[in-house]
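Below is one structure, written out as structure tokens; the observations come after it.
In what follows, every chain begins at residue 1, and chains take the letters A, B, ... in the order their sequences are listed.
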Amino acid sequence: MDSDIFPQSLSPTRPHSPEYSSLLRAGPRIRPLTQIHARLVVSGNHPGRSLLTKFLTLAVSSGHPLYARRLLPSVPNPDAFLFVSLIRASSRSPLPFHSIHFYRLMLSFSIPPSNFSFTSVLKSCADISASQLGRIIHTHVITSGFDADRFVQSALVVFYSKNGSLDVARKVFDRMPDRSVVSWNSMISGYEQNGLAGSAITVFNLMTKEEMEPDSATLAIVVSACSQLGDMDLGKWVHENYIKGKIFPLGVVLGSSLVNMYARCGHVRRAREVFDGLEDRNVVAWTAMIAGYGMHGFAEEAMELFQRMQIYGPSPNDITFVAVLSACAHAGMIDGGREAFESMKRDYGFVPRTEHHVCMVDLYGRAGLLQEAIQFIADQIPGEPGAAVWTALLGACKMHKDFDRAAEFSCKLLALEPENPSHYVLLSNIYALAGKMDQVEKIRDAMISRGWRKQAGYSLIEIDHVSFLFRMGDTSHPQTAEIYRYLEELVCRIREAGYEPETDSVLHELEEEEREVAVRFHSEKLALAFGLMSTGGGTSIRIVKNLRMCGDCHLAFKFVSGVTGRELIVRDKLRFHRFEGGVCSCQDYW
DNA sequence: TTAGGGTTAG
């Protein structure tokens, strides 16, 4: 009679055994699990395979894979279901490499791998960068005939992306006959995570062209790509079209991505509006907003928000402290930074990592407190400081023209990373500032003999939804003559207002012709001239630069913002500069 | 007896 009332799938299932029910209640928590284990031993009843499977899986999920591994031999006739459960649980646990052990063990029991085991074990290989092993497992995928499974294919796309083999990832993706939204997300994310935001957007466009509907994960990735590119128009379009258009609710993941995007595109106020509008805010959202203030030089706002977070918000984590310390460093807020660093250790029990050390050295160093920075390194950094710490210190020596100390500490940096070209560029810039041209030549020769080139600088500006890219001394634009003429006039105007070019900034360049072009035709100046002549008064100019701004460009932009009354926003490699009325939001700390 | 995959923010 029941079957008439209940369709088959809805009919009441048999109740679980008391042991099974208590396992479900215990969940992935080791203490209740060990208590259940003890009861099983005392009762003398040997549990069946299904109960042991649930038990071992929960032990792995609770972060105790070794416990599970010790008990595994007592499972009678372990089956594929058991191994897949353990591989999957490990791949989602903080110790994913154990899934590889369970995968191997499964093969040793002559249980053939399935598409389910492949997805999980490949995820683990991706997460622990086991590139060799992942490739071997790819061969298992092929020989066991699962290479047409779209779940496995997506897992392969993720695996190759995370190993930086984007071309292989793309090959797998292109050969997929039937792509799901997750397949698309995997490929888009692969590009975005590897710093190829433009390719990520291209694949997203392809996705919409093929009429595959994005989901909220797609949008979070795309918005991140927009942050990377400084493409606020696309980011805003996503926001307005999908979220304000009520296609998707604004969750905390997409929300944090938008906060970051608006901040990194120079609109910190809009970032704050999104942040304030979020229904729930987790530590990531708070950290994104604090970091957003920090990169604009708004240290007071950052600190105020951090204080509010400590009272009303979630507990800060170690990344929150990186944002707080960096905000202090960029605004010269010495006491605030020092106190935050102490509080992080004392009140929250975090062990400072390299990122925190770098912020502190930066904090002291930028403010000209080089002795304090050196003392900090000696007192607070256990063991040998990493290259990033010395780079921060050298940057400060350069900023404050302390060439003796620079020479002393550059040896440490080069000893640690003798094959990193950017260190040589920094060093040669320091020698150039010190007027030691013989040393500059020496470094230049060393770089040439190694076949190194300085990274080519460029600036991007968007006018009427079209992006324009300028390189130093660029003559590729059809309006080149007008742009250069406009720039000459602009320089005259700011000279009248008191601008003196900082010839200091004509530093070491590898190519002879590049040296001749000098600071006047730096890419951001060309982009600025083009932006000003192409837009009406009152329009903000937004420029994205791949390298850092040089001192002369920074000075010139300040004057230009004063004489034109325009708001100029430049995002360089590390931070934001918002020029208005002759001053910059970074307060000349950068 | 048992259920299940790959993607998402700072």
Does a distance-only test, which skips hydrogens and angles, find a donor-acceptor pair under 3.5 Å between the side chain of [X] and the base of [N]?
| X | N | answer |
| --- | --- | --- |
| A:Ser183 | B:dG6 | yes |
| A:Ser50 | B:dT1 | yes |
| A:Ser85 | B:dG4 | no |
| A:Ser257 | B:dA9 | no |
| A:Asn185 | B:dG6 | no |

Measure from the side chain of [X], starting at C-beta and using heavy atoms only, and say which of [options] lies closest.
| X | options | result |
| --- | --- | --- |
| A:Val84 | B:dG4, B:dG10, B:dT7 | B:dG4 |
| A:Arg88 | B:dT7, B:dG6, B:dG5 | B:dG5 |
| A:Val284 | B:dT7, B:dG10, B:dA3 | B:dG10 |
| A:Asp215 | B:dT8, B:dG4, B:dT7 | B:dT7 |
| A:Asn317 | B:dG10, B:dG4, B:dT7 | B:dG10 |

Parallel, tilted or perpendicular: which fits the ring planes of A:Phe341 and A:His357, with parallel below 30° and perpendicular above 60°?
-> tilted
Whether A:Phe306 and A:Phe321 hold their rings parallel, tilted or perpendicular, with breakpoints at 30° and 60° = perpendicular
Indicate, with a heavy-atom threshold strictly under 4.0 Å, whether [X] touches base, sugar-phosphate, or nothing.
| X | result |
| --- | --- |
| A:Val252 | base |
| A:Leu254 | nothing |
| A:Glu192 | nothing |
| A:Val259 | nothing |
| A:Arg281 | nothing |

Contacts satisfying salt bridge (Lys or Arg N to Asp or Glu O under 4.0 Å) that involve residues 134-152 of chain A (not counting sequence neighbours) are A:Arg150-A:Asp178
Can you tell me which residue pairs pass the salt bridge (Lys or Arg N to Asp or Glu O under 4.0 Å) test with a partner in residues 212-221 of chain A, sequence neighbours excluded?
-> none
Ring pair (Phe, Tyr, Trp, His ring centres under 6.0 Å): which pairs involve residues 174-217 of chain A, sequence neighbours left out?
-> A:Phe173-A:Trp184
Side-chain N or O of A:Gln193 closer than 4.0 Å to phosphate OP1/OP2 of B:dA9 | yes
Is the distance from OP1 or OP2 of B:dG6 to the nearest side-chain N or O of A:Arg92 less than 4.0 Å?
-> yes
For A:Val268, check side chain to side chain contact (heavy atoms under 4.5 Å, CB included) against everything at least two apart and list the hits.
-> A:Met289, A:Tyr293, A:His296, A:Phe298
In chain order, what residues pass the side chain to side chain contact (heavy atoms under 4.5 Å, CB included) check against A:Arg88, with sequence neighbours excluded?
-> A:Arg92, A:Ser120
Whole-Å distance separating the OH atom of A:Tyr160 from the C1' atom of B:dG6 | 15 Å
In residues 115-151 of chain A, which ones come under 4.0 Å of DNA chain B, going by heavy atoms?
-> A:Asn115, A:Phe116, A:Thr119, A:Lys123, A:Asp149, A:Arg150, A:Phe151
